[in-house]
Protein chains: 2
Amino acid sequence: MIHQRECPIETLIHVLGGKWKPMILWHLIGSPKRYNELEKLIPEVSQKMLSQHLRELEQEGIVDRTIYPTVPPKVEYSLSDYGRTLIPVAEVMCAWGDNHNKRKYEESAS
Amino acid sequence: MIHQRECPIETLIHVLGGKWKPMILWHLIGSPKRYNELEKLIPEVSQKMLSQHLRELEQEGIVDRTIYPTVPPKVEYSLSDYGRTLIPVAEVMCAWGDNHNKRKYEESAS
DNA sequence: CGGGATCCATTAGGATACTG
DNA sequence: CAGTATCCTAATGGATCCCG
């Protein structure tokens with residue numbers, strides 16, 4: 001996921017292409033979430049990948065990270081305004097992917 | 001790229017996620033292409049990856065492979081009707097990715 | 001011409017242990 | 001609570017050789 005892109009499609013795939021990034025985005029669309037809320041919502045993710053993907057999404061400007069200097073510490077992740085521009089794109093991708101899964105299911109059932 | 005997906009976005013990323021797949025699709029949108037035309041259009045791709053990606057796109061029903069039993073052999077790859085349903089999706093992805101690249105360019109220039 | 005097969009390098013991702 | 005660090009495996013992609 002490090003290589004440079006010539007085609008803007010690859011840019012988007014690069015941004016969303018981590019194994020858990022679509023799930024992370026999905027959960028953040030609803031409301032901001034704390035780190036360990038995301039861990040519970042996505043039980044299979046390792047915390048290495050969760051924090052790594054969150055840092056990458058933050059660097060792309062898609063996710064905001066808010067630290068509340070309380071004890072115990074509280075960190076909240078939310079979709080940035082810019083990150084919200086991804087929502088309609090994600091919906092189109094999702095619709096096509098959903099249809100594609102159904103198509104494959106039907107052909108395997110026939 | 002083998003793991004199963006729970007989220008349809010991952011399905012689309014799986015379909016388009018090979019390193020050269022967006023470029024292959026891009027070239028096939030214009031007109032059908034022969035194997036070695038694609039090699040020339042995408043000079044950096046290895047022939048292993050080109051043929052592997054073409055086989056995967058064919059299995060997903062996105063690309064049609066037509067063999068003309070001539071001597072020397074001629075094989076033509078084209079977007080299937082179903083593959084054309086990807087075009088509007090790709091355009092949305094492309095627009096977002098293009099904007100994202102510009103955004104990153106501007107922030108690095110400031 | 002249009003590939004397949006093989007072997008190797010790089011990268012993504014997981015498991016576990018530890019920390020401010 | 002919210003991570004980092006380290007080590008390891010699996011997956012992706014590249015290079016080279018070969019074939020009908």
Side-chain angles (χ1 to χ4, degrees), chain A residues 1-7 9-24 27-28 32-60 63-78, chain B residues 1-7 9-11 13-25 27-28 32-60 63-78:
Chain A
M1 267 332 159
I2 299 296
H3 68 276
Q4 289 315 306
R5 317 116 221 148
E6 319 77 25
C7 173
I9 291 181
E10 298 174 24
T11 302
L12 181 50
I13 291 177
H14 172 78
V15 167
L16 288 186
K19 184 164 173 182
W20 307 101
K21 285 182 187 174
M23 286 302 289
I24 294 172
H27 287 296
L28 293 185
K33 298 279 186 300
R34 297 177 62 168
Y35 182 86
N36 80 71
E37 288 184 280
L38 289 169
E39 274 190 315
K40 286 167 196 160
L41 288 165
I42 315 172
E44 322 91 305
V45 73
S46 66
Q47 39 40 326
K48 171 187 168 180
M49 293 316 297
L50 180 56
S51 55
Q52 182 177 313
H53 283 170
L54 285 168
R55 272 183 274 118
E56 289 167 2
L57 291 166
E58 192 191 352
Q59 281 181 16
E60 301 290 350
V63 161
D64 286 333
R65 182 170 180 263
T66 310
I67 306 173
Y68 298 94
T70 58
V71 180
K74 172 174 171 178
V75 177
E76 209 168 60
Y77 294 92
S78 56
Chain B
M1 250 2 136
I2 299 297
H3 68 275
Q4 289 315 305
R5 315 120 221 143
E6 320 77 24
C7 173
I9 291 181
E10 298 175 23
T11 303
I13 291 177
H14 172 78
V15 167
L16 289 186
K19 185 164 173 180
W20 308 100
K21 285 182 188 175
M23 285 302 290
I24 293 172
L25 265 306
H27 287 297
L28 292 185
K33 299 280 186 301
R34 297 179 62 168
Y35 183 86
N36 80 70
E37 289 185 279
L38 289 170
E39 275 191 314
K40 286 166 196 161
L41 288 166
I42 315 172
E44 322 90 305
V45 73
S46 68
Q47 58 77 240
K48 170 188 168 179
M49 293 317 297
L50 180 56
S51 55
Q52 182 178 313
H53 283 169
L54 284 168
R55 272 183 274 118
E56 288 167 3
L57 291 166
E58 192 191 351
Q59 281 181 16
E60 300 290 351
V63 161
D64 286 334
R65 181 169 182 263
T66 310
I67 306 173
Y68 299 95
T70 58
V71 180
K74 172 176 172 178
V75 178
E76 208 167 62
Y77 294 92
S78 57

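Below, read A as the first sequence line, B as the second, and so on, with proteins coming before strands; counting in each chain starts at 1.
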How long is the line joining CG of A/Leu57 and C1' of D/dG3, in whole Å? 16 Å
Which nucleotide, C/dG13, D/dT4, C/dG4, lies nearest any side-chain atom of B/Ser51? C/dG4
Rounded to the Å, how far apart are A/Trp20 CH2 and C/dG13 C1'? 10 Å
Side-chain N or O of B/Arg55 less than 4.0 angstrom from OP1 or OP2 on C/dG4? yes
Among C/dG2, C/dA15, D/dA15, which nucleotide has an atom closest to any side-chain atom of B/Lys48? D/dA15
Check whether any side-chain heavy atom of B/Lys33 lies under 4.5 Å from a side-chain heavy atom of B/Tyr77, and answer yes or no. no
Between B/Lys74 and B/Glu76, is there a side-chain heavy-atom distance shorter than 4.5 Å? yes
Figure out the CD/C1' separation between B/Glu39 and C/dC1, and round it to whole Å. 10 Å
Determine: side-chain N/O of A/Tyr77 to OP1/OP2 of D/dG3, distance under 4.0 Å, yes or no. yes
Residue-phosphate contact under 4.0 Å: B/Arg34 side-chain N/O, C/dC1 OP1/OP2: no
5'-most contact on DNA chain D (nearest-nucleotide basis), A/Gln52 vs A/Pro73, goes to A/Pro73
Starting at the 5' end of DNA chain C and moving along, which residue's nearest nucleotide shows up first, A/Ser46 or B/Glu37? B/Glu37
Hey, are the side chains of B/Leu28 and B/Leu57 touching, using non-hydrogen atoms and a 4.5 Å cut-off? no
B/His27 side chain reached by B/Glu37 side chain, heavy atoms, under 4.5 Å: no
Using whole Å, what does the distance between atom C1' of nucleotide C/dC1 and atom NZ of B/Lys33 come to? 18 Å
Length of the CE-P vector between B/Met49 and D/dT16, whole Å: 16 Å
Tell me the interatomic distance from A/Leu54, atom CG, to D/dC1, atom C1', rounded to whole angstroms. 14 Å
Do any side-chain nitrogens or oxygens of A/Tyr68 fall under 4.0 Å of OP1 or OP2 in D/dA2? no
N-O pairing of B/Glu56 and B/Lys21 below 4.0 Å: yes
Side chain of B/His53, heavy atoms from C-beta onward: which of D/dG14, D/dC1, D/dG13 has the nearest atom to it? D/dG13
Does the base of C/dG13 carry an N or O that pairs as donor and acceptor with the side chain of A/Lys19 under 3.5 Å? no
Given the structure, check if the side chain of B/Gln47 and the base of C/dG4 hold any donor-acceptor pair shorter than 3.5 Å. yes
By nearest atom, which of the nucleotides D/dG14, C/dG3, C/dG14 is closest to the B/Arg65 side chain? C/dG3
Rounded off to whole Å, could you give me the CG-to-C1' distance for the B/Leu41 and C/dG2 pair? 16 Å
Quickly work out the A/Tyr35 OH to C/dT19 P distance and round it to whole Å. 17 Å
